[in-house]
2 protein chains.
Amino acid sequence: MASADQEKSEHAGIDGARARVRMKVPSVAERVAEELRYQLAEGFLVPGAKLTEATIAEDLGVSRNTVREAFAELAGERLLLRQPNKGVFVATLEAGDIHDVYTVRRAIEVSSIRAGGSPDRIAAVRAAVEEGKRAAEANDNEGLGSANQHFHGAIVALAESNRLNTIMAQILAEMRLYFHKATMNAHFYSDWLKENEQICSALEAGELERAGDLLLAYLNRSEQQQSAIHGE
Amino acid sequence: MASADQEKSEHAGIDGARARVRMKVPSVAERVAEELRYQLAEGFLVPGAKLTEATIAEDLGVSRNTVREAFAELAGERLLLRQPNKGVFVATLEAGDIHDVYTVRRAIEVSSIRAGGSPDRIAAVRAAVEEGKRAAEANDNEGLGSANQHFHGAIVALAESNRLNTIMAQILAEMRLYFHKATMNAHFYSDWLKENEQICSALEAGELERAGDLLLAYLNRSEQQQSAIHGE
DNA sequence: TTTCGCTGGATTGTTCAACGATCCAGCGAT
DNA sequence: ATCGCTGGATCGTTGAACAATCCAGCGAAA
């Protein structure tokens with residue numbers, strides 16, 4: 001997933017530059033999973049929809065067993081729900097799930113920002129803020145959404161933890177699925193543009209406590225908004 | 001996994017008591033995964049060991065494809081590592097992994113305890129503390145270990161978040177694998193018995209900030225100890 | 001009419017056998 | 001000692017098969 005598994009080039013000695021690139025040839029199952037992830041994020045597959053093994057297998061021109069593996073992976077990421085002997089379905093938002101998701105985000109995002117981060121990582125946060133501004137100017141609604149995700153991803157990346165990064169990546173994938181573009185209008189993006197700016201500034205100034213408080217407040221408000229939209 | 005999916009009996013009305021029990025018949029793949037998880041936790045399978053599909057399949061009397069599914073699941077939990085075309089191996093501790101694991105624990109455990117919890121959940125924390133005391137009296141080294149895991153699991157459970165619970169369960173499974181009994185002598189358990197007591201008391205007294213600080217200090221020290229043991 | 005029970009069709013869960021692709025150890029030639 | 005080849009083992013993927021399970025529809029009974 002967001003695996004930063006890049007083989008570090010390890011300062012090859014004078015005795016020769018051995019190639020360190022690992023040609024990435026994702027397995028077929030992996031590519032199927034990737035394709036499904038894409039379709040989920042893009043809203044092609046809506047929550048609750050049933051995915052039939054044979055159909056997907058034929059559509060993508062792969063074996064049913066391969067599809068099965070991809071399903072298993074996505075089910076592990078909570079994007080699909082497996083109901084034994086009935087089939088797999090696109091995950092749906094159950095009661096309490098919104099609070100649950102935001103509980104995780106509060107835990108890892110606030111914790112990450114409170115610990116600060118290297119200048120590079122902070123610069124990445126700043127970059128996400130600017131990306132948002134540009135998207136706003138261009139009236140690019142789509143771009144606004146991904147800029148915001150980049151922003152929060154960059155905050156978690158401050159902690160330099162692979163595990164936290166993948167957890168956050170999964171949470172963001174869930175949110176893309178549940179809170180799809182349809183539910184996100186421009187009005188929604190009104191507040192947090194300047195809010196992200198504030199958080200980022202506080203971070204750059206080393207005011208970590210304040211940055212954490214601002215972020216926490218944002219997450220709480222965001223949860224409220226989402227809860228209000230999705231059936232109370 | 002740690003899915004608390006129990007169908008809540010929902011206060012069946014007078015019109016009849018419809019059965020709400022969902023007979024759990026885990027699929028074969030699930031049972032294979034469970035068996036492997038057990039062997040990993042028990043130290044039967046040591047880090048770095050290679051797991052050959054055909055061998056496992058024959059040993060457990062299932063098909064190779066089924067083993068494959070189980071492997072995929074465990075790889076998703078970071079207990080196994082899949083190397084394309086080479087095989088799957090029991091995960092090994094890479095440089096930085098210890099810090100990584102503890103970064104996650106700091107994020108979710110401290111966040112959970114700082115938010116407090118219902119009396120029931122707090123009682124569960126207390127129960128884990130007492131469980132540890134009893135194990136200490138009985139000189140039950142094994143019991144001490146699981147009591148500690150129950151303690152930290154109960155802390156995360158304060159947040160009432162399914163997602164946090166499963167994340168924590170996975171982290172604990174990783175720790176069982178890496179920091180196996182062999183590396184845990186009685187000397188190791190010396191400190192935290194009274195420390196858990198303190199944390200729990202602070203929690204019960206509603207001194208959440210202090211409880212969080214104590215927990216954070218413990219985690220930092222624990223990370224240091226583990227780092228010292230496992231090659232610097 | 002409503003309920004019950006059955007049956008047929010569709011889909012899943014699992015197994016098996018096969019084949020190409022890839023890796024690895026060994027061995028011989030340079 | 002290095003290089004290159006080769007054979008065997010294992011993985012990745014496929015396709016087909018069959019039992020188990022679920023679901024909708026339909027007819028029989030209350």
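Source: prediction; values computed, not measured.
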Ignoring backbone atoms, establish whether B:Thr66 has a side-chain N or O less than 4.0 Å from OP1 or OP2 of C:dT15. yes

Ignoring hydrogens and angles, write down the donor-acceptor pairs under 3.5 Å from the side chains of residues 81-96 of chain A, residues two or more places apart or on other chains.
from	atom 1	to	atom 2	distance (Å)
A:Thr92	OG1	A:Glu94	OE2	2.9

Under the side chain to side chain donor-acceptor pair (under 3.5 Å) test, which residues partner [X], sequence neighbours left out?
X: A:Ser111; result: none
X: A:Asn220; result: A:Arg106
X: A:Asn65; result: none
X: B:Asp97; result: A:Arg163

Mark up nucleotides 6-13 of chain C, 5' to 3', with B wherever a protein heavy atom is under 4.0 angstrom from a base atom, S wherever such an atom reaches only the sugar-phosphate, and - elsewhere. -----SBB

[X] [atom1] to [N] [atom2]: how many Å, rounded?
X: B:Ile56; N: D:dA9; atom1: CD1; atom2: P; answer: 19 Å
X: A:Asn65; N: D:dC11; atom1: CG; atom2: P; answer: 16 Å
X: A:Glu69; N: D:dG12; atom1: CD; atom2: C1'; answer: 9 Å

Test side-chain contact (heavy atoms from CB on, under 4.5 Å) applied to B:Gln39 - qualifying residues, sequence neighbours left out: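 side-chain contact (heavy atoms from CB on, under 4.5 Å) list for B:Gln39, sorted by chain: B:Glu35, B:Phe44, B:Leu45.
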
Base-pair string, DNA chain C, Watson-Crick plus G-U, cut-off 3.5 Å on both distances, | for inter-strand, is ||||||||||||||||||||||||||||||

Only one of B:Glu223, B:His230, B:Gln225 clears side-chain contact (heavy atoms from CB on, under 4.5 Å) with B:Ser227; which? B:Glu223

Is there any side-chain hydrogen bond (donor to acceptor under 3.5 Å, both in side chains) pair reaching into residues 119-131 of chain A, and which pairs are they, with sequence neighbours excluded? A:Arg121-A:Glu160, A:Arg126-A:Glu130, A:Arg126-A:Glu197, A:Arg126-A:Glu204, A:Glu131-A:His150

